[in-house]
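No experiment lies behind these values; they were computed from the predicted model shown. Both counts, for ligands and for their atoms, begin at 1 and track the order of listing.
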Amino acid sequence: MRQSHQLPLVGLLMFFLIPSQLCEICEVSKENYFRLKPLISTMVNSKYTRGVQAAYVLLSLRLAGIQNQSLDQELIQQVKDNVDRNISTLASGELAVMILAWGACRNPNDAYRYDPQLVEQLEKKFQAEIENMEAHDGNPLTSYYQLSLDLLTLCLFHGNYSITKVSQLFAPDNKNYYFGGQFSVDTGAVAVLALTCVKRSVMNGQRETDKEYLDSISNHIKSLVEKILSEKKENGLIGNIFSTGEAMQALFVSSNSYKKSKWKCQPTRNTVLKEIDQGAFSIPTAAAQVLPALVGKTYLEVNEDSPCVYGSGNFNITQGPKSVTPTNSPSSILVHYCVRINKPYSINVTVPDGSVFLDVMEAAQKINKTAFRFTTVETSYGPYINSVQGISANTNDRTYWKLLSDNKPLAQGAGSYVVHDGENLEVRWSIY
Ligand code: B12
Ligand SMILES: *[C@@H]1O[C@H](CO)[C@@H](O)[C@H](O)[C@H]1NC(C)=O
Ligand SMILES: *[C@@H]1O[C@H](CO)[C@@H](O)[C@H](O)[C@H]1NC(C)=O
Ligand SMILES: *[C@@H]1O[C@H](CO)[C@@H](O)[C@H](O)[C@H]1NC(C)=O
Ligand SMILES: *[C@@H]1O[C@H](CO)[C@@H](O)[C@H](O)[C@H]1NC(C)=O
Ligand SMILES: *[C@@H]1O[C@H](CO)[C@@H](O)[C@H](O)[C@H]1NC(C)=O
Ligand SMILES: *[C@@H]1O[C@H](CO)[C@@H](O)[C@H](O)[C@H]1NC(C)=O
C-alpha cells in the first residue's frame with residue numbers, strides 16, 4: 001500500500017532530476033537581447049519589394065517571437081501577393097521559404113491563413129528539381145540549399161516525397177554539397193535540418209517500409225555533421241559568419257550525432273555577437289538567417305498550429321529611418337579591375353571613397369561597354385552578377401561569375417563589398 005504511493009513520487013522526482021534537455025542550446029540571455037538590436041533594425045527598417053526576402057524576415061521574426069502585429073501583416077501581405085501573382089516563376093526554395101514563413105505560426109486574422117495547396121505546388125517544384133538532375137548530369141535547377149529547404153518544408157507540412165529518393169539524393173558525397181571542391185556549410189546545415197525532420201517523422205510514423213531507411217538517413221546526418229564541424233574555425237565560426245547561424249541550428253537538433261567535446265556553443269555564439277556589433281549583418285536576409293539560432297530556435301520548430309507570439313516586450317521594435325553612414329567623403333580612390341574569361345580585360349578606375357564593387361563595375365562599363373558590360377538579377381541577398389560581356393551564369397553547367405579581391409574569393413556580393421584604394425578586383429568566369 002505504502003509502496004504504491006511512493007513509487008510515483010520517486011518517478012516524479014527522477015523526472016525532475018534527470019536533465020531532459022540533452023541538447024545544449026546556448027541562446028542569448030534576456031539581459032543581452034540588446035546585442036541583437038542591429039539584426040532587428042536591419043530587418044524592420046528595410047523595404048521589401050521581393051517576396052522571398054519578406055519571407056525570410058517573417059520566418060525569422062515569427063520563430064523568435066518578437067513580431068509586432070502590423071509588421072507581421074505587412075510582411076505576410078508581401079508574401080501573399082508574390083505567391084498569388086508569381087507562383088509559376090518562383091524557384092522551388094523560394095516557395096519553400098514562403099510556406100515556412102506563412103505557416104510558421106497561426107495569425108489570428110483568418111484572411112492570412114496559408115493555403116494548403118501551396119504544398120502540392122512545392123511537391124511539383126521539388127519533382128522538377130529531381131528531373132533536372134536526371135537530365136543534366138546531376139545538376140538541379142537551383143541548388144542543394146534549395147532542395148534541402150524543399151524537403152524540410154514538405155516534411156514539416158506533410159507533403160509527399162519518396163524516402164528512397166531522399167536517401168539517395170542526400171548522400172553526403174553528392175557533388176551538390178560542394179562549390180569548387182569546398183564543402184558548403186550553409187547547404188549541409190539545411191540538409192541536416194531537413195533530414196532530421198524526415199528521421200523524426202519516420203520514427204513517429206506508420207509507414208513500416210520507410211523504417212528500412214532510418215539507418216541510411218541517420219548515417220547521412222552523422223556524416224554531414226562531421227563535415228560541418230570540420231569547418232569550425234579557431235574563433236568558433238563554422239564556415240564563415242554568414243553560415244554560422246544555420247550551422248548552429250543543425251548542431252542543436254543533431255546533438256546525439258557528435259561528441260559533446262567536439263563543439264562548445266558559447267565561443268561560437270560570442271564571436272557571432274561580436275560580428276553583429278561590428279555591423280556584419282546589413283543585409284536583411286543574412287540577419288534573418290542568423291537570428292533564430294541566437295534565441296535558441298531552429299526551423300524544426302515551425303508549427304502551423306501554434307499561435308503567433310507578438311511583442312514579447314523584450315524588444316522595442318520601432319521603425320526608424322534607415323541609418324545612413326556618411327560615405328560622402330570627397331576623396332576618391334583608384335582600384336584595378338579585371339574581367340577574366342581565359343584572358344584578362346583590365347582597367348584602372350577612380351571611384352569615390354566608400355564605393356562598393358558594383359560601383360567599380362559600373363564605372364568600368366561606362367568607359368568601355370564592350371569589355372565591361374554586365375547584368376544583374378535582384379535576389380534576396382542583393383544584386384547577383386548574372387552576365388558579363390553577354391556571357392551568362394548557368395546552373396546546368398555549374399558556371400558563374402566569381403568575385404575576387406587580390407586573388408581571394410569574396411565573402412560578400414558586389415552590392416555590399418566596400419572597395420579599398422589600390423585593390424585588385426576581379427570577376428572571373430568559373431565553374432563551381
Ligand atoms: C547556392 C549558392 C550560390 C550559387 C548560386 C547559383 C545556384 N546554383 O543557385 C553559387 C555557387 C554560384 C554562388 C555564388 C556566390 N555566392 Co553564394 N550562396 C549560395 C547558397 C549556398 C544558397 C543560395 C540559395 O539557393 N538560397 C535559397 C533561395 C530561396 O534564396 P535566394 O536568395 O532566392 O537565392 C538566390 C541568391 O542567394 C543567389 N545567390 C547565391 N549566392 C549569392 C551571393 C550574393 C552576394 C548574391 C547577391 C546572391 C547570391 O542565388 C540564389 C538563386 O538565385 C547561399 C547560402 C545562404 N545562406 O543563403 C550562399 C551565399 C548567399 N553566397 C555567398 C557568396 C559570398 C557568393 C559569391 C559572392 C562568392 C564569390 N566570391 O564569388 C558568389 C556570387 C557572385 C556573383 N556572381 O554575384 C554568401 C553571401 C554572403 C553575403 N553577406 O553577401 C552566402 C550567404 C554563403 C556564405 N555563407 O558566405 N552562391
Ligand atoms: C509595429 O510595426 C509597425 C510597422 O509595421 C510600426 O509602424 C509600429 O511602430 C510598430 N509598433 C510597435 C509597438 O513597435
Ligand atoms: C512578379 O513577376 C513580374 C513579372 O515577372 C514582376 O514584374 C513582378 O515584380 C513580380 N512581383 C513580385 C512581387 O515579385
Ligand atoms: C506519394 O509519393 C509516393 C512515392 O513517390 C507515390 O507512390 C504516391 O502515389 C504519392 N501519393 C500521392 C497522394 O501523391
Ligand atoms: C525601449 O526603448 C527606449 C528608448 O530606446 C528605452 O528607454 C526603453 O528602456 C526600452 N524598453 C525596453 C523594454 O527595452
Ligand atoms: C593600372 O595602374 C597600375 C599602377 O597603379 C599600372 O601598373 C597598370 O599598368 C595600370 N593598368 C592599366 C590597365 O592601365
Ligand atoms: C574596349 O575593350 C575591347 C576589348 O578589350 C578593346 O578591343 C577596345 O579597343 C576597347 N575600346 C576602347 C574604346 O578602349
For this session: Please name all residues satisfying disulfide bond (SG atoms under 2.5 Å apart) with C338, sequence neighbours left out, ordered by chain then number.
Result: none
Exercise. Mind checking whether Y432 and F179 have parallel, tilted or perpendicular rings, split at 30° and 60°?
Worked result: perpendicular
Exercise. To which protein heavy atom is atom 52 (C) of ligand 1 closest, and what is the distance rounded to 0.1 Å?
Worked result: Q146 NE2, 3.7 Å
Problem set entry | Mode of T142 contact toward ligand 1 - side chain, backbone, both, neither (heavy atoms, under 4.0 Å) | backbone
For this session: Show which atoms of ligand 1 fall inside a sub-4.0 Å distance from at least one heavy-atom site of Y56.
Result: 26 (N), 27 (C), 28 (C), 29 (C), 30 (O)
Problem set entry | Worked check of side chain to side chain contact (heavy atoms under 4.5 Å, CB included) between L291 and L36 | CA-CA 8 Å; L291 178 67; L36 304 178; 4.1 Å; yes
Exercise. Salt bridge or not for E301 and R62, using N-O below 4.0 Å?
Worked result: no
Exercise. Looking just at side-chain N and O atoms, do N107 and Y310 make a donor-acceptor pair shorter than 3.5 Å?
Worked result: yes
Exercise. To the nearest 0.5 Å, how far apart are CG in L59 and CD in Q289?
Worked result: 10.0 Å
Problem set entry | ligand 1 to T379 polar contact by distance, N or O atoms, under 3.5 Å | no
For this session: Within a distance under 4.0 Å of any heavy atom of L410, pick out the atoms of ligand 1 and give their elements.
Result: 65 (C), 69 (C), 70 (C), 71 (N)
Exercise. Are C265 and M248 side-chain neighbours, meaning at least one heavy-atom pair lies under 4.5 Å?
Worked result: yes
For this session: Report the part of Y400 in contact with ligand 1, treating N, CA, C, O as backbone and CB onward as side chain, heavy atoms under 4.0 Å; options are side chain, backbone, both, neither.
Result: side chain
Exercise. Against heavy atoms of G413, which atoms of ligand 1 measure under 4.0 Å?
Worked result: 45 (C), 84 (O)
Seminar exercise, completed: So the atoms of ligand 1 within less than 4.0 Å of a heavy atom of S243 turn out to be 89 (N)
Seminar exercise, completed: Closest to atom 72 (O) of ligand 1 among protein heavy atoms sits L403 N, 2.8 Å
Problem set entry | Contact atoms of ligand 1, heavy-atom distance to E246 under 4.0 Å | 57 (N)
Exercise. For the side chain to side chain donor-acceptor pair (under 3.5 Å) test, which of T142, N139, N396, T395 pairs with N132?
Worked result: N396
Problem set entry | atom 33 (O) of ligand 1 - nearest protein heavy atom and its distance | E94 OE2, 3.6 Å
For this session: State the atoms of ligand 1, each with its element, that fall below the 4.0 Å cut-off from a heavy-atom position in W401.
Result: 75 (C), 76 (C), 77 (N)
For this session: Give the contacting part of Y384 toward ligand 1: side chain, backbone, both or neither, where contact means a heavy-atom distance below 4.0 Å.
Result: both
For this session: Distance to 0.1 Å, residue and atom name: give those for the protein heavy atom nearest to atom 55 (C) of ligand 1.
Result: D186 OD2, 3.3 Å
For this session: Just let me know how P383 lines up against ligand 1, side chain, backbone, both or neither, with a heavy-atom cut-off below 4.0 Å.
Result: backbone
Problem set entry | Under 3.5 Å donor-acceptor, E423 side chain and H420 backbone | yes
Seminar exercise, completed: atom 19 (C) of ligand 1 sits nearest the protein heavy atom F179 CE1, 4.6 Å
For this session: Indicate yes or no: does an N/O atom of Q412 lie under 3.5 Å from an N/O atom of ligand 1?
Result: no
Exercise. Does an N or O from S416, backbone or side chain, lie closer than 3.5 Å to an N or O of ligand 1?
Worked result: no
Problem set entry | Criterion side chain to side chain contact (heavy atoms under 4.5 Å, CB included) on V202 and I217, from CA distance to verdict | CA-CA 10 Å; V202 170; I217 301 281; over 6 Å; no
Problem set entry | Heavy-atom protein contact below 4.0 Å for atom 82 (C) of ligand 1 | yes
Seminar exercise, completed: Quick look: T187 vs ligand 1, heavy-atom contacts under 4.0 Å, and the answer is side chain
Exercise. Would you call K165 and E134 a salt bridge, using N to O less than 4.0 angstrom?
Worked result: yes
Exercise. Polar-atom distance check: R50 versus ligand 1, any N or O pair below 3.5 Å?
Worked result: no
Exercise. Which value, rounded to the nearest 0.5 Å, describes the distance between I99 atom CD1 and L156 atom CG?
Worked result: 11.0 Å
Problem set entry | Nearest neighbour in protein (non-hydrogen) for atom 26 (N) of ligand 1 | Y145 CD2, 3.3 Å
Exercise. Are there more than 12 heavy atoms of other residues, nucleotides or ligands under 6.0 Å from atom NZ of K262?
Worked result: no
Problem set entry | Location of contacts on R398 toward ligand 1, heavy atoms closer than 4.0 Å | neither
Exercise. With backbone taken as N, CA, C and O and side chain as the heavy atoms from C-beta onward, which portion of Y381 lies under 4.0 Å from ligand 1: side chain, backbone, both, or neither?
Worked result: both
Exercise. Short N/O distance, under 3.5 Å, between I385 and ligand 1?
Worked result: yes
Problem set entry | Atom indices of ligand 7, in the order listed, that fall short of 4.0 Å to a heavy atom of A371 | 2 (O)
Exercise. How many angstroms lie between CG in L358 and OG in S416, if you round to the nearest 0.5 Å?
Worked result: 10.0 Å
For this session: With heavy atoms under 4.0 Å as the rule, classify the contact between N240 and ligand 1 as side chain, backbone, both or neither.
Result: side chain
Seminar exercise, completed: So the atoms of ligand 1 within less than 4.0 Å of a heavy atom of K402 turn out to be 72 (O)
Give me the pairs of N or O atoms, one from ligand 6 and one from the protein, that sit under 3.5 Å apart.
{"residue": "ligand 6", "atom": "2 (O)", "partner": "N348", "partner atom": "ND2", "Å": "2.4"}
{"residue": "ligand 6", "atom": "11 (N)", "partner": "N348", "partner atom": "ND2", "Å": "3.1"}
{"residue": "ligand 6", "atom": "14 (O)", "partner": "N348", "partner atom": "ND2", "Å": "3.2"}

Exercise. Is A91 near ligand 1, meaning one of its heavy atoms is under 4.0 Å from it?
Worked result: no
For this session: Taking only Lys NZ, Arg NE, NH1 and NH2, and the carboxylate oxygens of Asp or Glu, determine whether E234 and K232 approach each other closer than 4.0 Å.
Result: no
Exercise. For the side chain of H158 and the backbone of L154, is there at least one donor-acceptor N/O pair under 3.5 Å apart?
Worked result: no
Exercise. Are the aromatic ring centres of Y144 and F170 under 6.0 angstrom apart?
Worked result: yes
Problem set entry | Heavy-atom protein contact below 4.0 Å for atom 62 (N) of ligand 1 | no
Exercise. Excluding sequence neighbours, so at least two apart, what forms side chain to side chain contact (heavy atoms under 4.5 Å, CB included) with Q127?
Worked result: I130, E131
For this session: Inspect the contact between K125 and D150 and indicate whether a charged nitrogen and a carboxylate oxygen are less than 4.0 angstrom apart.
Result: no
Exercise. Does ligand 1 have any atom sitting under 4.0 Å from a heavy atom of A286?
Worked result: no
Exercise. Mind checking what makes ring-ring contact (aromatic ring centres under 6.0 Å, His included) contact with Y48, not counting sequence neighbours?
Worked result: none
Problem set entry | Near-ring test Y337/F372, centroid separation under 6.0 angstrom | yes
Exercise. Any side-chain heavy atom of D421 within less than 4.5 Å of one from V335?
Worked result: no
For this session: With heavy atoms only and a cut-off of under 4.0 Å, state how S380 meets ligand 1: side chain, backbone, both or neither.
Result: both
For this session: Considering heavy atoms of the protein only, find what lies nearest to atom 8 (N) of ligand 1 and give residue, atom and distance to 0.1 Å.
Result: Y432 OH, 2.9 Å
Exercise. So, the side chain of S184 versus the backbone of T187: is there a donor-acceptor pair under 3.5 Å, distance only?
Worked result: yes
Problem set entry | Protein heavy atom at shortest distance from atom 79 (C) of ligand 1 | A411 O, 4.4 Å
For this session: Using a 4.0 Å heavy-atom cut-off, say whether A393 meets ligand 1 through its side chain, its backbone, both or neither.
Result: neither
